[in-house]
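Okay, structure first, notes after.
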Amino acid sequence: MEGHLRVLGAASVEVNAHPQPLVAEAPLWLVTLLGCHEGPVTRPEVLALLYPDQDEAVARNRLRNLLHRVRHLPWGDAVRAERETLHWSGWADVRTFRQACGSGHWPAALKLYRGPLLEGLRPAGLPEFEAWLDAERDDLHGLWLEALLGQAAELERAGRAAEALGWLERLLNASPYQEDAVQAALRCAGLLRDPAEAEHLYARFRTVLGREMGLAPSPDTTRLYEAVRSGTGPAWSQGRPAVTTPLFGRHGELQWLGERLDDPGCRLLTVTGPGGAGKTRLAQEALRLAADPRVGPALFVPLETAGSVAEVVSALATALGLAVGGAEPPERQVTDALQAGPALLVLDNLEHLLAAQARADVLALLMGLLEQAPGLRLIVTSRVRLGLQAEWVLGLGGLDFPAVPDLAAAAGAGAVRLFVERARRVRPGLALSASTLPDILAVCRLTGGLPLALELTAASVGTLELRDVVTELEASLDLAEDGGPDRPERHRSLRAAFEQSWRLLGEPEQALLARLSVFSGGLDLAAARPVGGVGLRPLLALGEHSLLHRDGEGRYTLHAAIRQYAAEKLEGRPADQDAATRAHTAWFADLALRAAPELHGPDQQRWLAALQTEHDNLRAALSRLLAARDAAQALEVTAALHWFWYVRGHHREGYAALTAALALGGEPAPRAAALSRAAGLARDLGDYARGGEWLQEALSLARAAGRPELEAEALHGLGLHARELGRLEEARPLFEEAGAIQRRLSGSWGLATTLNDLGIMWAMGGDPTRARPLFEESLDLKRRIGDRQGVAYALANLGNVTDDSAEFRRLTEQSLEIKRELGDRQGVANSLFNLADLHIGAGELGTARTHLAEALTLFWQLGRKRSVAMTLLEFAKLTAAEGRAQTCLLLAGAGAALLRAAGVPAQGVEIGDVLAGARAAAGEEAGRWEEAGRLLPLEEAVHLAVGDSAPGTVPA
């Protein structure tokens with residue numbers, strides 16, 4: 001039974017394409033709650049919303065009765081009930097809508113949003129569920145508005161202004177105060193040469209803004225309107241990234257940034273100012289306006305969670321689409337990518353590194369990038385300037401507001417407009433008027449016009465009168481008392497705003513905010529409950545106070561400044577701090593352990609994505625375990641994360657973490673598991689000596705501990721080790737012994753993997769007849785347990801032993817598709833390598849080059865030395881087919897030298913005849929070209945192959 005749940009707009013459910021009625025009763029509330037969550041919902045969460053005032057035993061009994069009732073409904077089988085969790089296993093429009101918004105698939109999102117969540121329905125007598133429903137409705141409505149704006153932006157960039165304008169009209173009908181949408185509509189009117197439409201748009205916006213809020217359009221909007229009306233509209237960039245929140249004020253600063261970016265002599269800009277001054281938002285806007293895809297990439301690189309220079313480099317690599325890790329230093333990979341041409345990067349939130357011991361290394365990194373990548377321009381946001389000679393500095397204070405009560409001037413002032421716009425979210429009737437002007441200006445003055453302080457203060461207008469807000473701010477802003485000599489003055493107004501917001505929270509909300517500061521890189525509701533130590537209501541309250549933001553995928557984030565402030569509060573609560581860090585570490589350690597078996601089953605894609613999302617939190621938890629020298633848990637967690645690190649290409653990170661855990665000692669069994677997995681990553685990175693030592697130790701420990709499954713894992717690892725070193729006769733009995741143990745234990749995944757690798761060994765030895773049944777049995781086992789990655793590898797290997805080129809291509813392409821879906825970089829590279837060889841044989845050299853270039857880039861990023869060498873040899877075969885004998889000999893020499901240095905043989909690439917032909921074509925110079933290849937730095941060899949650069953002249 002397949003259930004399709006639709007709760008956006010009128011509620012309905014389809015079972016096998018047959019509509020089923022849904023009435024406004026408890027089953028609908030339950031299935032809506034489950035359908036809005038991507039993963040399982042705990043029973044306590046359900047009880048808290050549906051039966052908050054009931055005794056737990058009574059509430060659980062009522063829930064059991066409800067589930068019994070649901071099971072007898074036509075769609076009831078789609079509600080999966082486990083011991084402590086519930087889950088909607090069918091399709092849900094709200095989940096797909098969030099996913100589409102999160103990935104920027106605006107047409108799909110807009111098609112799914114048929115109206116508000118449970119449109120027209122409101123549960124009676126369920127205040128907790130009603131509060132949750134209202135929050136969900138608001139969040140989904142906000143995502144819909146973002147989707148409208150995103151769709152319009154894409155159409156505008158594509159030159160389809162009329163269609164874009166239609167979507168923008170729909171947006172403005174729903175949210176008439178959204179100034180960025182008005183500006184986009186004006187741009188479209190300009191593209192359509194329609195001044196009448198521009199006049200209508202501007203007049204309507206000015207009227208509603210003045211009537212409802214007492215404000216005037218921003219100068220940017222007015223200038224844009226006048227340019228369109230006069231027919232002198234600006235030149236529209238076709239590649240600006242869409243920004244879904246308006247920028248208030250900062251017109252002069254933005255103009256200055258634009259002028260500096262147009263100046264070839266300015267390549268390093270630092271936007272400085274106190275926390276909450278709007279540095280990030282201004283840099284985003286500058287990036288949007290300067291972006292031009294015809295020139296080069298324009299990328300935003302958040303560094304809030306970066307704690308070291310290495311993590312800065314990792315963030316840069318991620319933004320550039322590179323894999324973090326590999327034999328080549330990540331900094332070199334980033335530099336190589338930036339040397340390709342012009343690029344504009346925003347490095348956001350750098351101050352915590354500049355104030356630490358890493359300062360000198362961070363500055364050296366930036367100077368090195370600028371020196372080695374002449375086309376690079378950097379915008380850095382930081383509370384502290386860099387102090388470099390090449391640096392241009394823009395200091396930000398608060399937004400502008402008039403010093404004296406002037407209603408006309410206030411209507412266009414950035415601070416006033418921001419405060420009024422945010423305050424209207426919690427008090428819709430608020431407007432700028434002669435009566436409210438003095439208090440609004442007092443708020444601007446007391447907060448220093450700092451955007452974040454204004455936003456936080458505006459949240460209190462929902463519960464306090466404006467005069468009371470001013471009184472509270474005045475009470476907390478005694479600078480002589482609150483500001484000590486060790487605190488910069490520019491920080492004091494922001495701290496006052498934080499303190500004010502803090503006092504407006506109840507004790508549960510205060511405790512929760514402080515405890516949430518232990519998260520790194522965001523959090524979800526399931527993790528917030530045990531770490532926060534409270535229920536759902538305080539979490540919703542933090543969102544209502546604008547202290548916690550929920551993104552389009554239902555994930556919560558704390559602004560960097562708020563997180564820092566909350567962390568300071570947590571330090572003053574030792575018991576809470578200890579409880580929060582312990583709970584955070586326990587939660588994410590448990591997540592790693594729960595994920596490990598799932599990474600080999602039917603839900604592996606979802607679990608891989610979940611671990612990637614929580615990567616920063618997992619790092620933080622593991623760091624605490626290592627710092628506490630908790631050998632037992634550190635070994636267990638690192639062993640559990642091994643497969644994630646392996647599949648997603650975090651080879652170096654996993655290797656380092658496992659090595660650190662192993663240094664702590666530990667009991668024989670968990671140590672054996674960690675040793676085998678660390679050895680696998682060591683082998684992938686080319687450290688065969690250490691990998692072999694670890695595997696021998698793992699085998700001894702597993703046997704001493706009486707753990708046959710770990711013994712089989714170590715034997716399998718030793719078989720791989722021997723096979724890669726070309727010792728096939730040594731590898732075969734190791735694989736066979738491992739397989740025999742796994743058959744006795746009924747270990748399907750381990751056995752399937754061993755069979756696959758034993759089959760590879762026979763195929764490498766030239767006996768495909770013995771390899772094929774092993775691959776077939778492995779494929780059958782992998783399909784039975786739902787391991788799609790294992791299926792992909794078995795399919796690829798079956799293709800490798802077939803004599804039918806069409807069947808080889810079909811199986812390999814099928815394997816490649818699965819690997820791409822899973823984000824398996826190494827597997828993708830392997831399949832591309834195999835397809836390239838097929839295309840070379842068929843004379844399809846352009847396709848072969850495309851596949852090989854991607855494969856070599858992936859192997860290089862992952863640090864797989866042996867695979868890099870084999871791909872260079874395959875490139876030699878390709879260049880020979882292209883008639884380029886000299887390049888063939890260079891690449892063959894480089895590949896052979898790398899294999900010799902790694903101590904591994906060439907396997908799977910036969911180029912003897914190719915080299916003979918290339919030598920004959922090169923004549924007397926052949927030997928010198930090969931020798932030049934053997935002496936060629938590996939980095940240059942890779943660039944020669946991938947970049948298709950000319951080899952130059954043969955060295956003397």
Side-chain angles (χ1 to χ4, degrees), residues 153 156 179-184 186-187 190 198 202 205 215-274 276-292 295 298 300 342 344-348 377-382 385-386 390-403 408-418 421 444 448-451 454:
E156 180 189 349
E179 192 158 10
D180 49 348
V182 174
Q183 292 177 357
L186 288 171
R187 289 197 302 271
Y202 183 80
F205 179 64
L215 300 177
S218 72
D220 280 348
T221 301
T222 300
R223 281 194 294 269
L224 179 58
Y225 159 66
E226 290 172 349
V228 173
R229 187 183 60 174
S230 65
T232 60
W236 320 102
S237 165
Q238 294 300 308
R240 295 175 180 174
V243 179
T244 57
T245 57
L247 178 69
F248 293 91
R250 304 297 189 204
H251 316 296
E253 294 94 331
L254 199 57
Q255 182 179 356
W256 185 88
L257 282 173
E259 292 171 353
R260 297 289 77 73
L261 289 173
D262 288 337
D263 181 359
C266 175
R267 297 180 54 216
L268 175 61
L269 277 162
T270 304
V271 181
T272 65
K279 301 183 292 292
T280 296
R281 182 63 186 86
L282 180 65
Q284 288 175 329
E285 186 69 8
L287 185 71
R288 185 181 75 86
L289 295 176
D292 188 346
V295 176
F300 185 85
L344 173 61
L345 303 183
V346 169
L347 307 183
D348 187 54
R377 293 173 297 163
L378 294 177
I379 300 177
V380 174
T381 70
S382 170
R385 63 173 293 176
L386 307 182
E391 179 186 28
W392 293 66
V393 180
L394 173 63
L396 290 188
L399 293 172
D400 61 298
F401 57 92
V416 174
R417 297 181 77 249
L418 173 59
E421 193 275 341
C444 293
L450 291 171
L454 289 166

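Side chains included, hydrogens not; waters and symmetry mates left out as well; all remaining heavy atoms used.
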Can you name the closest pair of heavy atoms from Leu257 and Ala286 and give their distance? CD1-CB, 3.9 Å
Would you sort out whether Leu224 and Tyr202 count as a side-chain contact (heavy atoms from CB on, under 4.5 Å), showing the intermediate values? CA-CA 10 Å; Leu224 179 58; Tyr202 183 80; over 6 Å; no
If every non-hydrogen atom of Ala198 is compared with every non-hydrogen atom of Val228, which pair is closest and at what distance? CB-CG1, 3.6 Å
Stepwise side-chain contact (heavy atoms from CB on, under 4.5 Å) test for Arg281 and Glu285: CA-CA 6 Å; Arg281 182 63 186 86; Glu285 186 69 8; 3.3 Å; yes
When every non-hydrogen atom of Ala283 is compared with those of Ile379, the smallest separation belongs to CB-CG2, 4.2 Å
Is the backbone of Ser218 close enough, under 3.5 Å, to the side chain of Glu179 for a donor and an acceptor to pair up by distance? yes
Determine whether Asp263 and Trp392 make a side-chain contact, defined as any pair of heavy atoms from C-beta on separated by less than 4.5 Å. yes
Heavy-atom check, side chain of Arg288 versus side chain of Gln284, under 4.5 Å: no
How long is the gap from OG1 on Thr270 to CG on Leu386, to the nearest 0.5 Å? 3.5 Å
Atom pair CG (Leu378) and CD (Glu391), whose distance is rounded to the nearest 0.5 Å: 11.0 Å
Closest approach of Pro219 to Gly412 (non-hydrogen atoms, all atoms of both residues): CD-O, 4.4 Å
A side-chain contact here means heavy atoms from C-beta on lying under 4.5 Å apart; do Gln183 and Arg187 qualify? yes
Rounded distance (nearest 0.5 Å) linking atom CG of Leu347 with atom CZ of Phe300: 9.5 Å
Are Leu394 and Leu269 side-chain neighbours, meaning at least one heavy-atom pair lies under 4.5 Å? no
For Arg260 and Val393, indicate whether the former's side chain and the latter's backbone hold a donor-acceptor pair under 3.5 Å. no
Side chains of Leu399 and Arg250: closer than 4.5 Å at any heavy-atom pair? yes
Are any non-hydrogen side-chain atoms of Leu254 and Leu247 less than 4.5 angstrom apart? yes
What are the two closest non-hydrogen atoms of Ala298 and Leu287, and how far apart are they? CB-CD1, 3.7 Å
Note: Gly414 and Phe248 closest approach over all heavy atoms is O-CB, 3.8 Å
What I'd like to find out is whether the side chain of Phe205 reaches to under 4.5 Å of the side chain of Pro217, using heavy atoms alone. yes
So, Asp348 side chain and Thr381 main chain: donor-acceptor pair closer than 3.5 Å or not? no
Starting at CZ of Arg229, measure out to OG1 of Thr222 and round the result to the nearest 0.5 Å. 10.5 Å
Side-chain (Arg377) to main-chain (Leu261) donor-acceptor, under 3.5 angstrom: yes
Salt bridge Arg223-Glu226, side-chain N to carboxylate O under 4.0 Å: no
